[in-house]
Amino acid sequence: VSTQSTGEDGSVDYSSIINIDMYKVETSWELSGCVRAWNKTIQYWMKTYVYDTTHLPKAVRTDFVFAVSAFWHGIRPGYYLSFFSAPPMIKLQQKLGNLTRKVRESNHKLETVYRVVNWTLVRVISSMFLAPFYMLELDKILALYSSMYWVPQITIGIVFFLSILLPQGERPERPKTS
C-alpha cells in the first residue's frame with residue numbers, strides 16, 4: 001500500500017495514511033460507524049483478510065474479527081473483555097435500526113430523537129466497554145465492575161440475548177459497487 005498517490009491533475013493524495021476519522025468517531029450515532037472510523041487501515045486489512053476470507057457463517061464473522069483483533073493486541077484480559085463486548089451491541093443496534101426504519105423514515109422528528117438517543121448510548125457504551133482495554137488487569141477490571149454493580153456485564157448479557165431473540169428486520173438496500 002502506497003502512502004501517497006497522484007491524481008490526474010498532479011495533486012498528491014495522502015488518504016491511505018489517514019488512520020482515524022475523528023469527526024466520524026465523535027459524531028457517529030452507530031457503534032459500527034465509530035469502529036469503522038477508528039484505525040481505518042487496520043479495519044480495511046481485517047475486512048479484506050479476515051472477514052472476507054473466513055469460511056465461518058456470516059453471523060459470526062464480526063465476532064471472529066473482534067477475536068482476532070483482541071489477540072492482535074495481546075493476551076491481557078482487558079483486550080478480550082473490550083473486544084468481545086462490541087459485537088452484540090453492534091448487532092442489536094443494527095437489528096433495532098432495521099426494525100424501526102420504516103416508522104422513522106416517515107417521521108423526521110422520530111428519526112432525530114432516535115439518532116440523538118443512539119449517539120448518547122454509543123458514548124456511554126464506548127466508555128463502559130473501553131475501560132478494560134486501558135486497565136488490562138483482571139483484578140482492576142473486576143474492582144471497577146463491582147463499583148458499578150456489574151451494570152456493564154448485565155447490560156451486555158441482556159443485549160446478547162436481545163440480539164439473538166429479535167428478528168433481523170428489513171435491511172436497507174445498499175448501492176451496488178462495480
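Closest of all the heavy-atom pairs between V25 and R123 is O-NH2, 2.7 Å. T41 and N19 make their closest contact through OG1-OD1, 2.7 Å (heavy atoms, listed as atom of the first residue, atom of the second, distance). In terms of heavy-atom proximity, L31 sits nearest to V122 at N-CG2, 3.5 Å. In terms of heavy-atom proximity, I18 sits nearest to K40 at O-CE, 3.7 Å. The two atoms that bring C34 and S28 nearest to each other are N-OG, 3.6 Å, heavy atoms only. Summarising the geometry of S32 relative to Q93, their closest heavy-atom pair is N-OE1, 4.5 Å, with the distance given to 0.1 Å.
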Subject >> Y51 vs F64, side chain to side chain contact (heavy atoms under 4.5 Å, CB included): CA-CA, chis, key distance, verdict >> reply: CA-CA 8 Å; Y51 185 89; F64 181 67; over 6 Å; no
**OP:** Take M89 and T155, measure what side chain to side chain contact (heavy atoms under 4.5 Å, CB included) needs, and give me the verdict at the end.
**Re:** CA-CA 10 Å; M89 297 302 229; T155 302; 3.9 Å; yes
**OP:** Using the salt bridge (charged side-chain N to carboxylate O under 4.0 Å, His left out) rule, take R61 and D52 through it: C-alpha gap first, then chi angles, then the decisive distance, then the call.
**Re:** CA-CA 8 Å; R61 286 185 189 177; D52 289 344; 5.2 Å; no
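The shortest side-chain heavy-atom distance between R36 and D21 does not fall under the 4.5 Å cut-off. Taking the side chain as every heavy atom from C-beta outward, L81 and L138 approach each other to under 4.5 Å. Under the 4.5 Å side-chain criterion, counting only non-hydrogen atoms from C-beta, V50 is not in contact with W72. Residues D63 and K91 form a side-chain contact, since some pair of their non-hydrogen atoms from C-beta on lies under 4.5 Å apart.
Under a 3.5 Å cut-off, the side chain of Y44 and the backbone N or O of N39 do not form any donor-acceptor pair. Using modelled atom types, no side-chain atom of Q153 and backbone atom of Y145 make a donor-acceptor pair closer than 3.5 Å. Distance alone, capped at 3.5 Å, is enough to place a donor-acceptor pair between the S106 side chain and the V103 backbone. Between the side chain of W119 and the backbone N or O of E26, at least one donor-acceptor pair lies under 3.5 Å. Remark: the backbone N or O of F129 is paired with a side-chain donor or acceptor of S82 at under 3.5 angstrom.
Cluster annotation: L130 and V65 are assigned to distinct hydrophobic clusters (Ile/Leu/Val/Met/Phe/Trp/Tyr, side-chain heavy-atom contacts under 4.5 Å, transitive). Residue L96 is not grouped with residue L110 when hydrophobic side chains (ILVMFWY) are merged at heavy-atom distances under 4.5 angstrom, including chains of intermediate members. Put simply, Y49 and V60 are part of the same group of oily side chains (I, L, V, M, F, W, Y) that touch within less than 4.5 Å, one to the next. Note: the hydrophobic cluster containing F84 does not contain M46 (ILVMFWY, side chain heavy atoms under 4.5 Å, direct or indirect links). The cluster map of Ile, Leu, Val, Met, Phe, Trp and Tyr, joined by side-chain heavy atoms under 4.5 Å apart, puts V113 and V116 in different clusters.
Environment of CH2 in W38: sparse, with no more than 12 heavy atoms of neighbouring residues, nucleotides or ligands closer than 6.0 Å. In this structure, Y79 places its OH atom where more than 12 heavy-atom neighbours from other residues, nucleotides or ligands lie under 6.0 Å away.
Between E105 atom CD and E111 atom CD the span is 7.5 Å, to the nearest 0.5 Å. Between the OH atom in Y80 and the OG atom in S69 there is a gap of 10.0 Å [rounded to 0.5 Å]. Taking CD of Q94 as the reference point, atom CG of L99 lies at 12.0 Å (rounded to 0.5 Å). We find the CG-CD1 distance between L136 and I75 to be 11.5 Å, quoted to the nearest 0.5 Å. Here the CG-CE distance, from L144 to M128, works out to 10.5 Å after rounding to the nearest 0.5 Å.
For the 3.5 Å distance criterion, the side chains of R115 and N118 fail to qualify, holding no donor opposite an acceptor.
By the 30° and 60° cut-offs, the orientation of the rings of F83 relative to F66 is tilted.
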